[in-house]
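The sequence lines fix the lettering, A, B, ..., with proteins before strands; numbering per chain opens at 1.
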2 protein chains.
Amino acid sequence: MGVTIKEIAVICGVSPGTVDRALNDRPGISEKTKAKIIEVARQLNYQPDYMARSLAKGRTMTIGVVLFDLYNRSFAQLMNSIEAECRRQGYFVDLVLTNKDPDNEKKCIEHLLHRKVDGIIIFAINYGEAFDHYLKSLNVPVVTVCNRVSGDWSYIGIDDRKAMKEAVQYICGKGYERFVYVCPPLSYRGKTNIFTQEERFAGCLEGLKECGIHEPPVIVTDKDYVGAIGRMSFGDGEPRTAIVCSCDIYALEVMNHLKGRGLRIPEDVGLMGFDNIDVLKYVTPALTTVEYDVEQFGLQAVRCAVEQIEQGSAAPVPLLPYRIIAGASI
Amino acid sequence: MGVTIKEIAVICGVSPGTVDRALNDRPGISEKTKAKIIEVARQLNYQPDYMARSLAKGRTMTIGVVLFDLYNRSFAQLMNSIEAECRRQGYFVDLVLTNKDPDNEKKCIEHLLHRKVDGIIIFAINYGEAFDHYLKSLNVPVVTVCNRVSGDWSYIGIDDRKAMKEAVQYICGKGYERFVYVCPPLSYRGKTNIFTQEERFAGCLEGLKECGIHEPPVIVTDKDYVGAIGRMSFGDGEPRTAIVCSCDIYALEVMNHLKGRGLRIPEDVGLMGFDNIDVLKYVTPALTTVEYDVEQFGLQAVRCAVEQIEQGSAAPVPLLPYRIIAGASI
DNA sequence: GTGAAAGCGCTAACAT
DNA sequence: ATGTTAGCGCTTTCAC
């Protein structure tokens, strides 16, 4: 196929070892021969064979990325920045998608191991001690993103609990006293990794408590959450109700439903999302939500992974910033 | 790291060659030794080293995927199905994102070549003879998706021209006689690959012609197309105007703008999109658009690539189906 | 400063 | 049916 180190060696009248020294600027070579070899390599458009190099060095320059899917815009954004940063750092990206299936996630990881990836960035769907052990047994640097597995892994994300707490406090500040909390993933408790969702939920409860709201929120974990909301009535006088959704996507569905019922937002009922996904800009009324920079997640995740790969360990990454976006739905 | 073929050979008291025969069920081995070897391999949880195999066979079992980015929901969907089908077929996916930068696209392709991918699936941003030659020089199977490069490459997509033509005929059938065609990418004519957009535009013109509309459409290729639309007036009597957008995303922006101006859709002005991106379901009024199955694109692209890789060539893939979704915006 | 040689783990052609 | 051997292209250690 391509031109090899050996051919260059023959042309330059040196040994393969010397060519290697020149091309990977390692010590033990005169400037003259080095320059010559580099020039010849350039002329022949020499391209190193990464497979061969991997085999010899035991490193593949590949980072495996494990995500649910790419349907959620945030994941797409995340992947986008991971790809960019990886390529910038000279790494390849091997992407596998779990479709939120825990078994499939393991298959995905196996797939990456076959590929002998140097590190893994994962938005985990599995959780618990067994999985933690499993990950450790892989003997590969792992960076967790958006969902914690255990304290033993680098984690990139925001303080979801605190963010949701502040969001709830913000809502209380607007005079709402009744709350509905929409979070279907909570029904997967014990089945899949819902760390982040649990955090947000805990934050909600904390927020209510601090605001002195004693009436517990109505918690909707139903997969058919729109149907559940459909069975509730709103807009019939004070105190007003706020529907807090753990993700914008739920909030959008709920908004659609509320509009369909002819309810006014926020006059009849308040609505809050989380994530600030970009389609919000096409939505009226503007959804109040929590924003954070997903691209930063990707960037930090790659840096953290590379640091672990190349230095053996990485400094813990601080939780990333977020902020409440005041829309018109609360 | 892992257990090797050699170790298994030693344990079983046979040669590495025999182990290879057993593990890759190749002829020339007795059932007995084969069974034994397989059993030992299983017990030791033997995992073949794909790097070594690649080096020996000259094939990497990797398909490179070149996309603009993942921001457009359709690309994400596309990538999702590509990943799924690749893994099903035992291939790895190496994803690179060009961010619509022609130079970057070449870098991305080089990146894939370094990786020695067996085939490439590309939504090309480059075009023209030079690029066509370049692709040929790579000596790797290439499948083009969503944007043609030349007739020499397998292409996966719909008949955009015909689809847009039918869409325009549909609009005419609703009594519209004035047209605005929104397609910012047309301003990149001569700079990047806008094959699909050109097709849609041509389809629009053809449709108008066949419907006997002689007044040429107002063509908006301005990057600030919303601003351009903002300088036009609508709703001032018959004949009515339809704003045809070459992608839903433009239509959504325009819709936002029109609503902001207090114009009623479709009473004052009609609006048409293309692609049926999924966020449409959150939008009122429902946007009339053209739908097709992006997942099929991915599936077919992978199959076509694999066919080329494994058989040396692939049967041409027929253009995929589409259909007009009648919303409430026309 | 440079060369020779032994791998990395697997495959494949050739012996036996 | 099985063993032997020579690579794949690059890295790395050890001589010179």
Side-chain angles (χ1 to χ4, degrees), chain A residues 1-38 40-41 44-62 90 92 113-118 139-140 310, chain B residues 1-41 44-62 90 92 113-118 139 310:
Chain A
M1 310 235 267
V3 35
T4 73
I5 221 175
K6 225 186 202 165
E7 291 164 19
I8 296 180
V10 173
I11 294 172
C12 295
V14 297
S15 74
T18 301
V19 176
D20 186 59
R21 273 181 272 256
L23 264 27
N24 297 294
D25 45 36
R26 282 211 304 267
I29 183 170
S30 74
E31 279 306 322
K32 213 182 118 208
T33 47
K34 180 167 173 176
K36 183 178 166 191
I37 291 171
I38 288 179
V40 170
L44 267 50
N45 187 31
Y46 166 77
Q47 301 288 7
D49 183 321
Y50 278 68
M51 293 302 125
R53 179 176 290 177
S54 295
L55 187 57
K57 309 221 325 184
R59 273 189 47 194
T60 55
M61 294 308 285
T62 303
F92 297 97
L113 293 179
H114 280 343
R115 173 53 126 201
K116 296 243 187 310
V117 293
D118 294 334
N139 231 13
V140 163
E310 297 180 355
Chain B
M1 310 234 265
V3 35
T4 73
I5 221 175
K6 226 183 198 166
E7 290 165 21
I8 296 179
V10 172
I11 293 172
C12 295
V14 297
S15 74
T18 302
V19 175
D20 185 58
R21 273 180 273 256
L23 264 26
N24 297 294
D25 45 35
R26 281 212 301 268
I29 184 171
S30 73
E31 279 307 320
K32 213 180 118 209
T33 47
K34 181 168 173 176
K36 183 179 168 193
I37 291 170
I38 288 179
E39 175 55 18
V40 171
L44 266 52
N45 189 29
Y46 166 77
Q47 301 288 7
D49 184 322
Y50 277 68
M51 293 302 124
R53 179 176 290 178
S54 294
L55 188 57
K57 308 220 329 183
R59 273 189 47 194
T60 55
M61 295 308 286
T62 303
F92 298 97
L113 293 179
H114 280 343
R115 170 57 125 201
K116 297 244 187 308
V117 293
D118 294 333
N139 233 12
E310 297 180 356

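For the pair A:T33 and C:dG1, the criterion of a side-chain N or O lying under 4.0 Å from OP1 or OP2 is not met. Between A:S54 and D:dC10, a side-chain N or O to OP1/OP2 separation shorter than 4.0 Å is absent. For D:dT4, the OP1/OP2 oxygens have no side-chain nitrogen or oxygen of B:S15 closer than 4.0 Å. When the side-chain nitrogen and oxygen atoms of A:Y50 are compared with OP1 and OP2 of D:dT11, none of them lie within a distance under 4.0 Å. Checking the phosphate oxygens (OP1, OP2) of C:dG9, no side-chain nitrogen or oxygen of B:R53 falls inside 4.0 Å. Residue A:R26 places at least one side-chain N or O closer than 4.0 Å to OP1 or OP2 of D:dT12.
Summary of the strand contacts: A:V14 and B:P48 both lie near DNA chain C, and taking for each the nucleotide with the nearest heavy atom, the more 5' one is attributed to A:V14. Positionally, the nearest nucleotide of DNA chain D for B:I29 lies more toward the 5' end than for the other of A:M51 and B:I29. Both B:K34 and B:A52 lie near DNA chain D, and the one whose nearest nucleotide falls closer to the 5' end is B:K34. Between B:L55 and B:R21, it is B:L55 whose nearest contact on DNA chain C lies nearer the 5' terminus.
Here D:dC10 presents its C1' atom at 11 Å from NZ of A:K6, a figure rounded to the nearest Å. With rounding to whole Å, B:I8 atom CD1 is found 11 Å from C:dT11 atom P. As a whole-Å value, the separation of B:I5 CD1 from D:dG7 P is 19 Å. Taking atom CG on A:L113 and atom P on C:dG9, their separation rounds to 16 Å, with Å as the unit. Computed from coordinates, the A:K32 NZ to C:dG1 P distance equals 13 Å when rounded to whole Å. Rounded to an integer number of Å, the gap from NZ of A:K36 to P of C:dT2 is 11 Å. One interatomic measurement links the two molecules: NZ of B:K57 to C1' of D:dC8, which rounds to 13 Å at whole-angstrom precision. Rounded to whole Å, atom C1' of C:dG9 lies 13 Å from atom CG of B:L23.
Within 4.0 Å (heavy atoms only), A:D20 reaches at least one base atom of the nucleic acid.
Distance check, rounded to the nearest 0.5 Å: CD of B:E39 to CG of B:L44 gives 10.0 Å. Taking NE2 of A:H114 as the start and CD of B:Q47 as the end, the distance is 4.5 Å to the nearest 0.5 Å. In this structure, the separation between OG1 on A:T18 and CG on A:L23 is 11.5 Å, given to the nearest 0.5 Å.
Between B:V40 and B:Y46 there is no side-chain heavy-atom pair separated by less than 4.5 Å.
The cationic group of B:R115 lies under 6.0 Å from the six-membered ring centre of A:F92 and within 45° of the ring axis, placing it in a cation-pi geometry.
Nearest nucleotide to the B:Y46 side chain, out of C:dT11, C:dT2, C:dC10: C:dC10.
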